[in-house]
Amino acid sequence: QVNLVESGGGSVQAGGSLRLSCAAFGYSYSMYCMGWFRQAPGKEREGVAAIIYDSTTSYVDSVKGRFTISKDNAKNTLYLQMDSLQPEDTAMYYCAADYSLGYNGNWRDPRNFRYWGQGTQVTVSS
């Protein structure tokens with residue numbers, strides 16, 4: 001059984017920083033494709049960043065240069081460092097994982113990830 005537990009959300013002013021963490025349990029960490037998604041009220045869940053097959057990092061255009069995804073295999077933990085936060089970054093952030101992108105190969109499509117955390121709220125005020 002795979003379990004993902006996020007932490008690190010909170011409220012910050014525009015221009016501030018937060019670091020999200022996702023602790024993973026119950027699988028071989030290095031085999032996974034792992035990513036961060038976010039969902040704002042009334043909007044679809046959006047892929048923010050991902051590490052694919054333990055090598056390739058990818059970002060949605062709106063966060064490039066501001067967010068950094070990384071993972072610590074020794075701690076089984078995925079991170080998302082978020083800098084220069086803006087009000088439009090406000091959302092519930094979710095960690096996601098799977099052994100492969102088996103649905104359609106597109107990391108930004110949540111249907112490729114079977115395992116999800118419970119989410120952590122990020123609120124950015126102007």
Side-chain angles (χ1 to χ4, degrees):
Q1 180 67 31
V2 176
N3 290 307
L4 305 174
V5 180
E6 302 101 332
S7 61
S11 297
V12 297
Q13 291 190 329
S17 297
L18 286 172
R19 188 175 82 156
L20 305 184
S21 298
C22 172
F25 307 92
Y27 67 99
S28 176
Y29 192 62
S30 64
M31 296 173 60
Y32 261 68
C33 301
M34 301 194 71
W36 289 97
F37 286 75
R38 64 187 179 188
Q39 189 166 20
K43 295 189 176 181
E44 293 186 352
R45 191 165 295 192
E46 173 189 39
V48 176
I51 297 179
I52 306 303
Y53 301 117
D54 208 30
S55 59
T56 304
T57 57
S58 298
Y59 299 90
V60 68
D61 285 347
S62 61
V63 307
K64 285 181 179 177
R66 301 189 298 122
F67 290 11
T68 304
I69 189 171
S70 63
K71 65 178 182 176
D72 185 333
N73 287 338
K75 296 182 178 179
N76 281 2
T77 302
L78 182 73
Y79 300 100
L80 186 67
Q81 177 67 42
M82 305 186 294
D83 299 318
S84 301
L85 283 161
Q86 300 300 317
E88 52 266 35
D89 296 316
T90 295
M92 184 71 78
Y93 282 71
Y94 298 90
C95 174
D98 211 311
Y99 287 105
S100 67
L101 301 179
Y103 184 79
N104 60 14
N106 179 4
W107 72 267
R108 295 185 61 186
D109 188 335
R111 294 173 294 183
N112 284 289
F113 295 88
R114 289 177 292 171
Y115 307 110
W116 292 84
Q118 81 287 352
T120 185
Q121 178 67 38
V122 171
T123 302
V124 185
S125 58
S126 58

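Residues: numbered from 1 along the sequence shown.
- When atom types are taken as modelled, the side chain of D98 and the backbone of R114 share a donor-acceptor pair closer than 3.5 angstrom.
- Residues satisfying the side chain to side chain donor-acceptor pair (under 3.5 Å) criterion with N3, sequence neighbours excluded, are absent altogether.
- In this view, K43 satisfies the salt bridge (charged side-chain N to carboxylate O under 4.0 Å, His left out) rule with no residue, not counting sequence neighbours.
- Partners of S84 by side chain to side chain contact (heavy atoms under 4.5 Å, CB included), not counting sequence neighbours, listed by chain and number: R66.
- Every ring pair (Phe, Tyr, Trp, His ring centres under 6.0 Å) that W116 has, sequence neighbours left out, goes to F37.
- The list of disulfide bond (SG atoms under 2.5 Å apart) pairs with a residue in residues 71-126, not counting sequence neighbours, reads C22-C95.
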Enumerate, atom names and distances included, each donor-acceptor pair closer than 3.5 Å involving a side-chain atom of residues 119-126, sequence neighbours excluded.
| unit_1 | atom_1 | unit_2 | atom_2 | d |
| --- | --- | --- | --- | --- |
| T120 | OG1 | G9 | N | 3.1 |
| Q121 | NE2 | A91 | O | 3.4 |
| Q121 | NE2 | T123 | OG1 | 3.4 |
| S125 | OG | V12 | O | 3.4 |

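- Looking at residues two or more places apart in sequence or on another chain, you find a salt bridge (charged side-chain N to carboxylate O under 4.0 Å, His left out) between R38 and E46, D89.
- Contacts classified as disulfide bond (SG atoms under 2.5 Å apart) and involving residues 50-90 (residues at least two apart or in different chains) are not found.
- Legend: residues meeting side chain to side chain contact (heavy atoms under 4.5 Å, CB included) with V5, ordered by chain and number and at least two apart, are F25, Q118.
- The side chain to side chain donor-acceptor pair (under 3.5 Å) check on N104 picks up D109, N112, with sequence neighbours excluded.
- With sequence neighbours left out, R19 forms a side chain to side chain donor-acceptor pair (under 3.5 Å) with no residue at all.
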Stepwise side-chain contact (heavy atoms from CB on, under 4.5 Å) check, F67 with I69: CA-CA 7 Å; F67 290 11; I69 189 171; over 6 Å; no
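- Listed by chain and number, the residues in a side chain to side chain donor-acceptor pair (under 3.5 Å) with S17 are D83 (sequence neighbours excluded).
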